[in-house]
Amino acid sequence: MTVQYGLCKCFFTKNFFIRKYEIHVTFLNKTQFLEDFSKILKSKGCSDPETLVPELEKEVERRRHAHEERWKHRLYVAKEYKCLHPKVFTLQSSFLDPRFCELVSFARKPDCTADDLKAYLKGLQMRIYSFPVFTPSFCQMFVEELKHYENSSIPKFQAASMSKYAIDLGVLGFDQFLSDLRTEYLAPLTKVLYPDWGGDQLDTHKAFIAQYREGRNLDTSYHFDNSEVTLNVSLNETFDDGDLYFGAIRGEESSFRTGYSHQLGRGVLHRGQQMHGAFPIMEGERYNLIVWLRSSRIRNLLCPMCNEKPKIKAVENGFGDGFTLDDNTV
């Protein structure tokens, strides 16, 4: 049976990020926005919140057509892009750190528990885990392919609302690579580590490359992800600083804070609702693979972005935002 995917309608009205003032807003129309957010924006130094309206209206329009345009762009890239390393688009065991393969193999054992994996994982408290994922040679080849794409004449597609510089890996042709990584390697881990967060039934993903360099994305503001579980892997080491920092789960009152320093090929796995951010890099450039792992079983009950029962709009192609439709869907 073909699964119909969709997105929550909050995508068109909520979680608009205004980077200059470090605030997420809801935008239904100009009147609502000014009534709800003028006071707080002025307190953050915005003398005239009305000047922000055109950019928000532009973002609304982008989101209305984002999934359709993404699919069109994916087809265009498949036809026009001449890749540098063709083999990098198919996941091979040789790309993976042997310690990662050993970890996954152990997680596949019947009755494996999170405690059983402690010898293979570096725990950072709050169910945040770090472990090697890719070999240095694969990371080098992957980054070379990404730079080759960046330098090509192919028009680029905005992959994430918080960053116009992120590279959408689905558009670039890595869907099968990522599906294999999710189902064959990450799912056995998340089944053990996050069964209560949908880790035992991850059925879709969204993946992109976050780029940090001089003049763009020097840091990432404190936020949560549109995922049930997130994997973040560092693909290079030609940068200084730029550590991650983690707080409590969204909505929880806690003074918990912990930091994480990136290492080549190593990943950090955490719950999507875990608040986190990244400090600025001081020099160089950084490439990180971000994989949002999603479970329709979980998000069909409660949208992680609006924290309400999702009102689902079908999408024609792709995974949408990981929601699935049935006969009872709005």
Side-chain angles (χ1 to χ4, degrees), residues 1-7 66-67 70-78 81 83 85-97 100-101 103-105 107-108 131 133-135 138-139 141-142 145-146 149 157 159-160 166-195 197-210 225-233 235 265 267 269-270 272 287-300 304 314-325:
M1 182 177 68
T2 301
V3 178
Q4 175 70 69
Y5 294 102
L7 53 87
H67 284 77
R70 179 183 183 275
W71 187 257
K72 290 180 180 178
H73 199 73
R74 173 180 168 172
L75 297 177
Y76 177 80
V77 170
Y81 177 61
C83 55
H85 298 300
K87 69 177 183 179
V88 80
F89 290 84
T90 302
L91 182 62
Q92 301 176 30
S93 60
S94 61
F95 296 166
L96 304 173
D97 190 296
F100 177 56
C101 295
L103 167 64
V104 173
S105 178
R108 289 195 182 108
F131 46 87
V133 180
F134 297 122
T135 64
F138 168 75
C139 290
M141 184 168 57
F142 195 7
E145 187 67 49
L146 296 170
Y149 172 69
F157 181 84
I167 299 175
D168 188 322
L169 291 177
V171 166
L172 188 49
F174 281 93
D175 265 349
Q176 190 59 55
F177 178 108
L178 294 160
S179 290
D180 291 344
L181 181 65
R182 167 171 54 84
T183 58
E184 299 299 320
Y185 295 95
L186 297 177
L189 290 178
T190 60
K191 181 179 180 179
V192 174
L193 299 174
Y194 306 109
W197 285 79
D200 58 343
Q201 194 177 333
L202 299 174
D203 46 3
T204 65
H205 61 264
K206 178 176 180 178
F208 54 93
I209 300 296
D225 295 337
N226 187 358
S227 68
E228 276 61 69
V229 181
T230 294
L231 176 69
N232 183 333
V233 185
L235 298 175
L269 192 70
H270 61 87
Y287 287 81
N288 282 65
L289 167 64
I290 312 295
V291 186
W292 288 351
L293 300 162
R294 291 164 166 174
S295 169
S296 60
R297 176 175 64 84
I298 298 296
R299 60 183 42 228
N300 281 355
V315 296
E316 291 300 317
N317 298 290
F319 291 145
D321 272 349
F323 301 92
T324 54
L325 284 77

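It should be emphasised that the depicted structure is a prediction, and the values quoted were computed from it without experimental measurement. Values reported hereafter were calculated over all heavy atoms of this structure, with side chains retained and with hydrogens, waters and symmetry mates removed.
- T190 contributes a side-chain N or O that, together with a main-chain N or O of G199, makes up a donor-acceptor pair within less than 3.5 Å.
- For residues 172-191, every residue pair satisfying the salt bridge (Lys or Arg N to Asp or Glu O under 4.0 Å) rule, not counting sequence neighbours, is listed here: R74-D175.
- For D200, the salt bridge (charged side-chain N to carboxylate O under 4.0 Å, His left out) test picks out R297, with sequence neighbours left out.
- Listed by chain and number, the residues in a side-chain contact (heavy atoms from CB on, under 4.5 Å) with T135 are S137, F138 (sequence neighbours excluded).
- To the nearest 0.5 angstrom, L289 atom CG is 11.0 Å from I167 atom CD1.
- The CG atom of L178 sits 9.0 Å away from atom CG of L91, with the distance rounded to the nearest 0.5 Å.
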Start with the C-alpha gap between N288 and I209, add the side-chain angles, then the distance that decides, and say whether side chain to side chain contact (heavy atoms under 4.5 Å, CB included) holds. CA-CA 6 Å; N288 282 65; I209 300 296; over 6 Å; no
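- N232 places no side-chain N or O within donor-acceptor distance of the main-chain N or O of L269, the cut-off being under 3.5 Å.
- The two residues L96 and C101 come nearest to each other via the heavy atoms CB-SG, 3.8 Å.
- R70 meets the salt bridge (charged side-chain N to carboxylate O under 4.0 Å, His left out) test with D168; sequence neighbours excluded.
- For P188, the side-chain contact (heavy atoms from CB on, under 4.5 Å) criterion is met by V104, A107, R108, not counting sequence neighbours.
- In this structure A314 satisfies the side-chain contact (heavy atoms from CB on, under 4.5 Å) test together with Q4, L325, sequence neighbours excluded.
- In this structure, the salt bridge (charged side-chain N to carboxylate O under 4.0 Å, His left out) partners of D321, at least two apart in sequence or on a different chain, are R294.
- Judged purely by atom type and a 3.5 angstrom limit, S295 uses its side chain to pair as donor or acceptor with the backbone of Q201.
- Applying the side chain to side chain donor-acceptor pair (under 3.5 Å) criterion to S296, with sequence neighbours excluded, gives D203.
- Residues forming a salt bridge (charged side-chain N to carboxylate O under 4.0 Å, His left out) with D97 (at least two apart in sequence, or on another chain): R99.
- The ring pair (Phe, Tyr, Trp, His ring centres under 6.0 Å) test applied to Y287 returns no partner, not counting sequence neighbours.
- Partners of N317 by side-chain contact (heavy atoms from CB on, under 4.5 Å), not counting sequence neighbours, listed by chain and number: W71.
- Not a single donor-acceptor pair under 3.5 Å links the side chain of E228 to the backbone N or O of G198.
- Taking the six-membered ring for Trp and the full ring otherwise, the centers of F95 and F134 sit at least 6.0 Å from each other.
- Applying the ring pair (Phe, Tyr, Trp, His ring centres under 6.0 Å) test to F89 and every residue at least two apart in sequence or in another chain returns F174.
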